[in-house]
Amino acid sequence: MATIASPFAAADGQPLDRDSFRAALMAKGDYYHIHHPYQFDMAEGRATAEQIRGWVANRFYYQVMIPQKDAALLANCPDAATRRRWVQRLLDHDGHDDDTGGIEAWLRLGEAVGLSRDELWSQEHVLPGVRFAVDAYVNFVRRADWREAAISSLTELFAPQAHKSRLDTWPTHYPWIDSHGYDYFRKRLGEARRDVEHGLELALSLCTTAQAQARALEILQFKLDVLWSMLDAMTMAYQLGRPPYHTVTEQRVYHRGLS
Ligand SMILES: O=C(O)c1cc(C(=O)O)c2c(n1)C(=O)C(=O)c1cc(C(=O)O)[nH]c1-2
């Protein structure tokens, strides 16, 4: 009878030492969504205005769900010291004092590429595949132990590279995008670096057995799958001209989220 491969196949025996475990986490960067052809096309100037707008409108759903995801982690975390640090992530996106926040900055990115605020808030462009991928992430965090939830944010290790690449390449390739639109990426450069320091510190101190390390790598792969799947859905809709129901209608009939 065939045996089913265990995700913990590599978990037997000795745990990796701290540096080797850090290296194993970093090696997952090979599967980060910056290697998706949709991102290549955006970074190399081949994306059409419609493809850029599609990405911005769909990513808005990720942006609005991130603070709810972080609120879920906080709700599950009994450690006040961790909550005190983690709560900053909510404030980064929702805004506080003079900082109008990441969601507002993303709305300005939307305006810069030609999408109105109402259009973004309506979620009319959010493809079912993108919604399901983002919801899988939020639902994982709602149910998981807060330490596993924290590990699932570790794709942010690789995000500054993505933000920097957009800042470096988009203004040249897409002169029609208003430069105020790039504030989000500038803002995240510093915030993401601070977040990953905390996330990595937690992962390295918590995952000291072979089994915990294998589990952490599997959680990180889950999150990479979320990000990659979002771009697959956008590829179908905006590059291959096959949005949901394209054989039947050109209307965006897909649901806007069942809350
Ligand atoms: O533009 C990107 O490539 C990108 C990726 C990610 C990520 O890796 O999840 C995040 C962000 N941006 C981002 O802006 C952000 O605020 C963020 C929060 C989180 C998270 O998992 O908590 N990921 C990301």
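Note that ligands are numbered from 1 as they come in the structure, with each ligand's atoms numbered from 1 the same way.
- Applying the side chain to side chain contact (heavy atoms under 4.5 Å, CB included) criterion to V248, with sequence neighbours excluded, gives no partner residue.
- The shortest contact between atom 13 (C) of ligand 1 and any protein heavy atom is with Y184 OH, 3.4 Å.
- The existence of a salt bridge linking R188 and E191 is confirmed by a sub-4.0 Å separation between a basic side-chain nitrogen and an acidic carboxylate oxygen.
- Interface of S153 with ligand 1, defined as ligand atoms under 4.0 Å from a residue heavy atom, comprises 21 (O), 22 (O).
- Of the protein's heavy atoms, E156 CG, 3.6 Å lies nearest to atom 24 (C) of ligand 1.
- Taking a cut-off of under 4.0 Å to the non-hydrogen atoms of R166, the atoms of ligand 1 that pass are 1 (O), 2 (C), 3 (O).
- Counting heavy atoms under 4.0 Å from ligand 1, residue L227 touches it through the side chain alone.
- From the protein, the heavy atom lying nearest to atom 5 (C) of ligand 1 is Y32 OH, 3.0 Å.
- The single protein non-hydrogen atom nearest to atom 20 (C) of ligand 1 is Y137 OH, 3.4 Å, given as residue, atom name and distance.
- Using modelled atom types and a 3.5 Å distance limit, the side chains of Q211 and R215 yield no donor-acceptor pair.
- Heavy atoms of other residues, nucleotides or ligands lying less than 6.0 angstrom from OH of Y245 number 12 at most.
- The nearest non-hydrogen atom to atom 11 (C) of ligand 1, considering only R89, Q161, R59, Q63, comes from R59.
- With ligand atoms numbered from 1 in the order given, ligand 1 contributes 16 (O) to contacts under 4.0 Å with heavy atoms of H93.
- Between W55 and ligand 1, a contact under 3.5 Å exists for no N or O pair.
- Closest to atom 3 (O) of ligand 1 among all protein heavy atoms lies H33 NE2, 2.8 Å.
- Taking the charged nitrogens against the carboxylate oxygens, D92 and R89 have no contact shorter than 4.0 Å, which rules out a salt bridge.
- The protein heavy atom nearest to atom 7 (C) of ligand 1 is T155 OG1, 3.3 Å.
- Salt bridge status for E197 with R193: absent, with no side-chain N to carboxylate O gap under 4.0 Å.
- K69 NZ, 2.7 Å is the protein heavy atom nearest to atom 22 (O) of ligand 1.
- Each of W170, F60, Y62, W106 was scored for a ring-ring contact (aromatic ring centres under 6.0 Å, His included) with Y184, with one residue passing: W106.
- Residues E148 and R143 are not paired through a salt bridge, judged by the lack of any N-O separation under 4.0 Å between the basic side chain and the carboxylate.
- Put simply, the side chain of P15 does not reach to within 4.5 Å of the side chain of T208, judged on heavy atoms.
- Of the N or O atoms in D70, none lie within a sub-3.5 Å distance of an N or O in ligand 1.
- Residue contacts with ligand 1: Y62 is included, with a non-hydrogen atom under 4.0 Å away.
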